[in-house]
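Residue numbering restarts at 1 for every chain, and letters A, B, ... go by the order of the sequence lines.
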Amino acid sequence: MIETFQERYENRHEYAKQWKEKTGGKVLGYFCTYVPEEICYAAGVLPVRILGSHEPQDVTEPHIFAMYCPFCRDCLAQGLQGRYDYLDGIMIAQSCLHIRQAFTSWDLHVPTDWSYFLPMPHNVQSPRAVPYLVEELKVFKKALEVWTGNTITDDDLKRGIELVNRDRQLMKQVYELRKREEPPLSGLESMYMVVSSQLSDKEDHARLVEEALKELEDRTLGRPIGQRLIILGSEDDDHEFINMVESCGSTFVIDDHCTGTRYFWDEVSLNGGDPLTAIATRYVNRVPCPTKDWPLRTRLPHILGLAKDWDATGAVILQQKFCDPHELDIPAIKSALEEQGLTTLFLELDVTVPIGQFKTRVEAFLEILDEDDLF
Amino acid sequence: MAEETTSKEYWRWTESNWHDPDMDWKDGEIISAGIDVGSVSSQAVILVDGKLYAYSNMRTGSNSPKSAENAMDWALEGTGMALDDVHYVVGTGYGRVNVSFAKRAITEIACHARGANFMYGPTIKTVLDMGGQDCKAIRVDEKGKVVAFLMNDKCAAGTGRGMEVFADLLGVHITKVGEMSLQVEEEPPMVSSTCVVFAKSEASGLMREGWPKERVLAAYCLAMAHRVVDLLERLGIEEDFAITGGIAKNIGVVSRIERELGLKALKPTLDTQIAGALGGALFARALLQKERKSK
Amino acid sequence: MAKYKTAPLKSWQRAKEIRTEYYQNYAVAHEKGGLRWAGGAWTFDAIPAGLGDDVYPITSEPYGATIAFQKDFSDRCLEATERAGYARDLCAYMRNYWGSIILNEYGWVDPGEERKPFPKPDFVWQDHICCSHAKWYQVVSDLEGGIPMYCIDVSVGPYEHTTEHGLEYLVGQMHDGIEWLEKTTGRKYDDEKLIEAVNNTCRSTSAWAKVCALNQAIPAPLEEKTMYSLYVLGTLQKSSKDVADFYEELLAEVQDRVDNQIAAVENEQVRVMTDTQPPWGFLRVFRYMASKYGCVSVGSLYTFALIGNWIWDDEGNFVPRPTPQSQGLVIKDRDQALRVLAEWELSKPEWQHFYHPKYKSDMMIQIAKDWKLDGVMLHYNRGCEGLSLGIAENRLAILDSGFPVMVFEGNMGDEREFDEARTTARIDSFMESLDVPKLN
Amino acid sequence: MITTGIDVGAKNVKVVIQEDGKILGKGSVLAGLDMGAAIAEAFDAALKDAGLTRDKIEKIYATGAGRNEVKDADDSYTEVGADAAGAAHLFPDARTVIDVGAEEGRAIRIDDRGKVVDFAINERCAAGAGAFTEAMARALEVPLEELGPLSLTSTKAVAMNAQCAVFGESEVVSLIHQKTEKQDIARAVHDAMATRITSMARRVGVEPPVALIGGVAYNPGFVDSLKRDLEVEVMIPDGPEFISALGAALLAAGMAK
């Protein structure tokens with residue numbers, strides 16, 4: 001049943017279209033995981049994350065200068081090629097400049113009824129961030145109400161919070177299982193689980209994860225686990241790459257990605273308070289994207305913690321080509337991990353990755369990690 | 001090959017094979033071999049009980065399984081040894097997975113590290129492999145195990161392939177390029193583009209401006225050296241330092257690397273192109289011993 | 001026979017002096033018991049001014065450009081940074097700046113003197129709108145042994161949608177910042193100095209915009225190559241009295257050039273603007289355009305508005321923004337000063353495209369009209385993602401509005417990514433397509 | 001009026017002699033290390049082809065990257081201007097001109113008078129130029145001229161990641177090692193190149209009809225991939241590599257905008 005998540009990932013468009021037909025609701029395409037999905041669900045809108053398709057394309061050059069990350073170009077290409085023509089609206093929450101260009105060019109050239117820019121604060125370590133975001137969420141809520149014609153009550157918000165939290169809790173249970181000596185699922189499978197959550201109705205996804213948990217309870221991969229690896233860096237749903245690494249005799253047991261833990265790690269803790277404040281607090285305090293991780297690099301201790309708790313021996317540090325926010329953290333992260341005794345491998349992702357060349361690096365990296373008895 | 005259609009094959013480096021006439025392999029307990037199928041050249045190395053017995057070094061064709069066989073056959077030539085006499089073969093390099101008669105494939109990075117350790121001894125800490133189409137900076141421990149590495153395979157600049165194209169372009173035999181590039185009073189500015197494709201037009205441009213070949217070669221070797229030094233510096237260099245691969249034979253590049261780094265590379269005792277295959281053969285030996293132990 | 005009379009700019013000398021003093025003061029600050037701080041060209045430099053008159057900044061973008069002018073030193077800096085593991089596609093200013101920290105060599109060399117060690121700042125005071133701004137200084141702090149840093153996030157959306165809570169967010173961070181400055185430096189904060197610095201900031205950024213507005217005249221009294229060395233003062237220290245005074249004197253001189261038809265390019269026959277920072281090591285390209293085609297670049301949104309402050313008036317004209325002080329406002333206390341400063345900076349034209357390219361396109365098209373341009377030259381600048389942001393969309397919009405556009409790729413601070421010969425070849429093609437006859 | 005256009009390209013010197021828009025003679029010589037000699041040689045070849053003597057030539061315009069090497073030229077134009085003039089003359093209704101040469105690719109949008117409206121150049125990247133196919137042919141070990149026909153026999157589209165010619169060379173090698181059919185690799189090579197050229201062309205906006213000029217237009221494999229990518233027909237003149245020189249000659253005769 002684990003394959004269901006891969007199917008969902010592969011048939012994301014069909015799924016969203018069916019959801020529309022079934023519910024008659026609006027589908028909102030979003031560009032960054034800082035978008036507060038709780039409020040969308042409260043408004044009865046289905047938020048789906050816009051992702052690339054990892055194919056060479058020739059439609060974005062007139063719109064995005066080639067020095068911006070391949071991910072934002074791949075995303076825009078989907079829109080320009082009409083693959084998301086079923087969307088009722090698009091939105092982005094302020095994060096990096098790169099993906100913002102995909103959003104603004106989409107806004108200019110792909111006909112969409114509704115588009116929204118949420119100025120998510122960058123200074124998340126400042127006490128001023130939450131109060132500011134609360135006000136912005138009020139504005140956002142109002143905009144959603146005008147767009148959908150539904151008023152959003154506090155109960156709706158609470159429902160939205162519970163819905164998304166539920167899925168987060170379940171995903172965390174799945175990740176707990178990956179701590180086992182014999183993780184019941186591969187890094188690729190868990191990537192499909194997380195990303196399919198970004199592409200599905202949460203209620204429906206949560207149901208699938210619940211079932212999956214039953215199956216995972218006594219499942220094994222039926223292959224040697226090999227080296228236990230942590231994978232971290234910018235957006236990465238490149239299944240071909242992840243699969244290649246795992247087929248070279250290793251298993252990803254944990255990650256720090258916005259297509260992984262960073263998406264679902266932190267819950268909204270409502271405990272009787274004002275829903276919007278609770279939501280704002282969650283997004284300000286969540287595991288940050290490097291672009292918001294300053295003046296302190298809070299991701300460092302977090303990543304080291306994950307590597308330790310999931311018992312990783314090596315780290316694959318990935319980054320979308322030209323992703324400055326990550327590039328600015330990598331020297332620090334690399335040395336921190338190495339101090340903790342992990343071997344690291346750094347690779348740059350493009351729209352498509354040169355599997356052949358990467359394979360040599362990956363194998364050499366794994367050779368460093370094992371077979372001391374050959375020397 | 002495009003080059004082969006041209007009248008003179010300046011790019012063509014000397015292929016070779018060798019075996020130790022004084023050694024009787026039949027007394028050998030473990031005969032291990034490594035086959036390095038690179039994108040430009042292929043080598044086979046045969047060890048008898050860990051001692052170098054025979055090797056070959058030749059050009060890779062576009063059919064790598066065949067290149068592997070050719071290299072092996074040529075190494076066996078005149079030894080009286082047959083492929084079946086070899087107990088364990090490891091394949092490495094680009095075509096490592098296509099060595100049909102290899103029991104195991106290991107990356108050229110691990111193999112070059114181990115081969116260098118054998119060639120230069122346990123004091124070797126940093127290895128620069130300038131191969132046919134990529135370039136690797138490798139840190140190794142005293143056992144010849146890789147500690148860290150950086151690889152540049154996004155660009156043929158600073159690789160054997162690049163040097164071949166360049167030798168052809170200037171009509172200077174590849175084995176002469178190095179010495180010739182040193183026949184300049186002072187170093188010229190380096191060519192701005194080390195890209196194989198554009199180096200062509202840039203070099204032609206320089207020669208039209210009346211630059212002598214020596215000077216153009218100097219500029220190119222300098223640019224090549226500069227690129228790999230960047231790679232080494234990013235990895236961090238520790239002495240002893242050695243260079244393997246075909247470019248290690250190019251004094252023009254090597255001496256410039258040494259000058260930029262401010263340290264000397266150890267003098268090779270063996271053909272630097274066989275380092276990968278040699279490492280493969282050493283791994284093969286270790287793997288066989290491991291197998292026999294576990295039995 | 002030249003078409004127009006021309007004359008060197010008198011204010012030039014003074015501009016050079018201010019810049020020299022700036023880098024010298026920063027270097028020797030400690031000798032006089034003063035303080036040194038580092039930040040970006042857009043940082044609220046008016047705020048540390050409240051720590052005293054002996055507190056000197058170094059802004060890293062112009063500093064990085066200063067290094068870019070010294071090709072050999074720049075090469076060494078860039079390589080030092082790359083070898084330390086920082087990616088080659090990061091901001092070219094920073095790679096020059098960080099390199100000079102790593103090499104411990106100061107990018108400013110007084111004529112006839114040896115290159116000195118890099119003067120380490122006491123703290124970092126930065127703002128954040130480009131997604132790397134604050135991150136740059138994490139690296140600086142790493143390289144400088146963990147010096148304290150404070151950054152203010154200003155990305156609260158486009159000016160036309162400024163909200164009270166957005167303003168509150170900025171002002172709040174500023175108040176916290178002042179407390180932080182007092183704690184970090186152990187100095188007592190002086191609100192009077194802050195108020196004066198805020199007044200200077202408004203004065204200098206408004207006056208520079210007025211200078212640029214005068215370039216609508218034919219012939220243009222200034223060409224962009226010269227403007228670069230003038231606007232830069234604002235990027236060094238827009239809150240300083242010297243800079244504010246200088247721009248007001250400059251304004252008078254440029255007005256005089258306009259009145260007397262004194263041209264920057266004696267054979268002006270075609271007018272263009274550029275966009276984003278130029279490849280600093282290759283400003284001679286502008287001379288090539290002027291001498292071969294009588295082509296004058298009258299500026300760019302970059303030179304006009306990186307520091308200069310502009311606004312759309314009620315009639316929909318794009319005009320220098322009048323300072324609130326000039327309209328009778330008198331700042332009384334700290335909170336008001338911070339509020340005025342925040343509100344003033346939020347209208348900065350070069351901050352608007354961070355939210356949507358349409359804001360920048362509108363301004364560029366208006367400039368193309370009002371400054372009477374024949375074409376536009378866009379520098380696709382690999383060295384700066386902040387200002388190259390949306391440039392491809394700007395290009396499309398400008399083309400739609402009927403102005404020819406030429407694109408050239410390069411890097412403001414990394415000469416390895418700029419090809420001079422091919423760029424001049426492009427300029428030739430562009431001039432041909434504009435039917436511009438070659439001079440002589 | 002009999003005029004000559006001399007196109008000094010990265011790889012060849014091409015010369016066209018024309019009268020009233022009719023081509024009288026052509027000459028092409030490999031640009032060796034002595035540019036002056038190559039230019040003279042190509043010029044003589046063209047004169048011979050036209051059956052004319054030097055004194056019959058009333059005007060000479062030069063174009064191409066090395067146009068300043070033509071010492072006795074009356075004036076010079078850039079490749080962009082010359083491309084537009086030449087292509088517009090042969091295909092008056094063409095609105096987009098794509099020129100793919102040895103080391104550069106260009107896309108030019110022209111108006112009904114053949115005037116340049118907008119242009120884009122793909123430079124310093126061999127992946128968008130003939131040099132790419134050369135490098136790939138070398139890696140594939142097939143003669144360059146066979147690469148195109150070979151790719152036409154391909155039945156399978158293989159994606160090629162490499163954007164750089166040399167990076168591509170190693171990728172071709174790994175494709176070979178993965179036992180990918182040669183013709184499919186050849187097709188992948190042309191698809192990759194066409195993708196790059198199309199990307200560039202989209203920057204100026206591909207307004208049909210499209211004229212394809214430059215030596216690479218001889219490569220049927222590339223043309224096939226390009227058509228598929230652009231989703232429009234492309235017109236190819238005889239002697240596509242001479243169009244820039246023709247344009248220069250026409251400009252010399254004052255016959256082009």
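- Distance check: A:Asp373 CG to B:Lys293 NZ gives 7.0 Å after rounding to the nearest 0.5 Å.
- Both cation-pi conditions hold for B:Arg114 and A:Phe375: the charged atom is under 6.0 angstrom from the six-membered ring centre and inside a 45 degree cone around its axis.
- One distance of note links CZ of B:Arg285 with CG of A:Leu374; it measures 12.5 Å at 0.5 Å rounding.
- Going from atom CZ of B:Phe149 over to atom CD of A:Glu367 covers 9.0 Å, rounded to the nearest 0.5 Å.
- With chain A as partner, the option from B:Lys143, B:Arg96, B:Glu108 having the largest number of non-hydrogen pairs under 4.5 angstrom is B:Arg96.
- Heavy atoms of B:Ile106 lying under 4.5 Å from chain A belong to its backbone as well as its side chain.
- When all heavy atoms of B:Val147 and A:Ile368 are compared, the pair lying nearest together is O-CD1, 3.9 Å.
- Remark: B:Lys145 NZ is packed, more than 12 non-hydrogen atoms of other residues, nucleotides or ligands lying under 6.0 Å away.
- When heavy atoms are compared at a cutoff of 4.5 Å, B:Gln289 does not approach chain A at all.
- In this structure, chain A has a heavy atom under 4.5 Å from the side chain of B:Ile109, while its backbone stays farther away.
- The local environment of CD in A:Glu181 is sparse, with at most 12 non-hydrogen atoms from other residues, nucleotides or ligands closer than 6.0 Å.
- Note that CZ of A:Phe358 and CE of B:Met151 are 11.0 Å apart. Values are rounded to the nearest 0.5 Å.
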